[in-house]
**Student:** 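Structure provided below as structure tokens; questions to follow.
What you are looking at is a predicted structure, and each value in this text was computed from that prediction instead of being measured.
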Amino acid sequence: MADALTQAIRIAASGIEAFGERLQVISTNIANANTTAMTPGGNPYARQEILFAQKFDKAMGVNMLTVQGVVPDSTPFTEKYAPGHPAADDKGFIKNPNVNPVIEMSDLVEAHRSRERIMRAYQMGTELQRMTIKSMGS
Amino acid sequence: MFENFKLFSILPSSLKFLAEKEKVVTGNLVHANTPNYKALEVKDIPFESALGTRGKLPMSIHKTSDQHLSSKTSYHASSIPVKISEIKTHEAKMNGNTVKIEQESMKLSQVGTDYMAGMMLYRKYNSILKGLFGKS
């Protein structure tokens, strides 16, 4: 088992990685906020959600943060009357994605702040370790 | 002046303790959004127990003659016990998480400062010793 500072750095690294993936999922949702189907009556882009979980890392002896999975949101799609659209069904309605840009933006800010916070913890860990190594050598 | 030498035996255990604290706080910050994660803390311990047995001198110098000087303040610098336990709180988020981000951020900078202070002390004493040996 590694020393406590290395463990702290590794936990923080796992957090940075997981939050990077979270940011990616949110970006995908925002980018596809208007993506409809191309075939009549088809389903549009479904909002994706990321699930976090803690996983015990045997080599390091600590609980890491991992992505358990990315699952589609089951909120119903909104319907809009657009008879000329290629995805319109026989009544002339198309389905729009269940992405709410306001929610995505607030998620984006929250994820970004969390990631920054973990980054600060990571920097603190590396700084303390570097200082220790320097002091032992001087 | 030489009784300051015991710093070299006390300091590592103190730094180790602080590093454990740093690890736990980092874990809490990373898992601030993880469902059902319970925030952990390293229990602070009383001063006396950190310095080993109270009133006794477990590490006194063995004397071969009565003329020898005895050290009056020798401490048994046992390593500080690290007890990690869940923070008892009734405040939990909807997902069962009990991390309070503000508190953990404060703890992180506190631990960082303490650790750096310990490291500074170590360097200072090291340079004093080197000065004694004429290698400053």
**Student:** Would a 4.5 Å heavy-atom cut-off, applied to side chains only, mark B:M116 and A:L128 as touching?
**Tutor:**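 In contact.
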**Student:** Between B:L15 and chain A, with a heavy-atom cut-off of 4.5 Å, which part of the residue counts as in contact: side chain, backbone, both or neither?
**Tutor:**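 Contact with chain A is absent: no heavy atom of B:L15 under 4.5 Å.
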**Student:** Side chain from CB out, backbone as N, CA, C, O: work out which of these in A:A53 comes under 4.5 Å of a heavy atom of chain B, or both, or neither.
**Tutor:**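 Looking at A:A53, just its backbone touches chain B.
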**Student:** If every non-hydrogen atom of B:V30 is compared with every non-hydrogen atom of A:F19, which pair is closest and at what distance?
**Tutor:**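 Heavy atoms of B:V30 and A:F19 come nearest at O-CE1, 4.2 Å.
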**Student:** Measure the spacing between CD1 of B:I101 and CZ of A:R117 and express it to the nearest 0.5 Å.
**Tutor:**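 B:I101 atom CD1 to A:R117 atom CZ measures 4.0 Å (nearest 0.5 Å).
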**Student:** So for A:T132, is it side chain, backbone, both, or neither that comes closer than 4.5 Å to the heavy atoms of chain B?
**Tutor:**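 The answer is both parts of A:T132.
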**Student:** Measure A:I118 against the heavy atoms of chain B and call it side chain, backbone, both or neither at under 4.5 Å.
**Tutor:**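 Contact with chain B is through the side chain of A:I118 alone.
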**Student:** Under a 3.5 Å threshold, yes or no: a donor from one side chain and an acceptor from the other, between B:T26 and A:Y122?
**Tutor:**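 There is no such pair (donor and acceptor under 3.5 Å, judged by atom type) between the side chains of B:T26 and A:Y122.
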**Student:** In terms of heavy-atom pairs under 4.5 Å with chain A, which of B:E22, B:E20, B:K21 leads?
**Tutor:**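 Looking at each of B:E22, B:E20, B:K21 in turn, B:E22 comes out on top.
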**Student:** Can you find a heavy atom in the side chain of A:M64 that is under 4.5 Å from one in the side chain of B:H31?
**Tutor:**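 No; the side chains remain at least 4.5 Å from each other.
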**Student:** So which part of A:Q68 gets closer than 4.5 Å to some heavy atom of chain B, the side chain, the backbone, both or neither?
**Tutor:**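 Looking at A:Q68, nothing touches chain B.
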**Student:** Is it the side chain or the backbone of A:E127 that comes within 4.5 Å of chain B heavy atoms, both, or neither?
**Tutor:**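 When you check distances to chain B, only side chain atoms of A:E127 fall under 4.5 Å.
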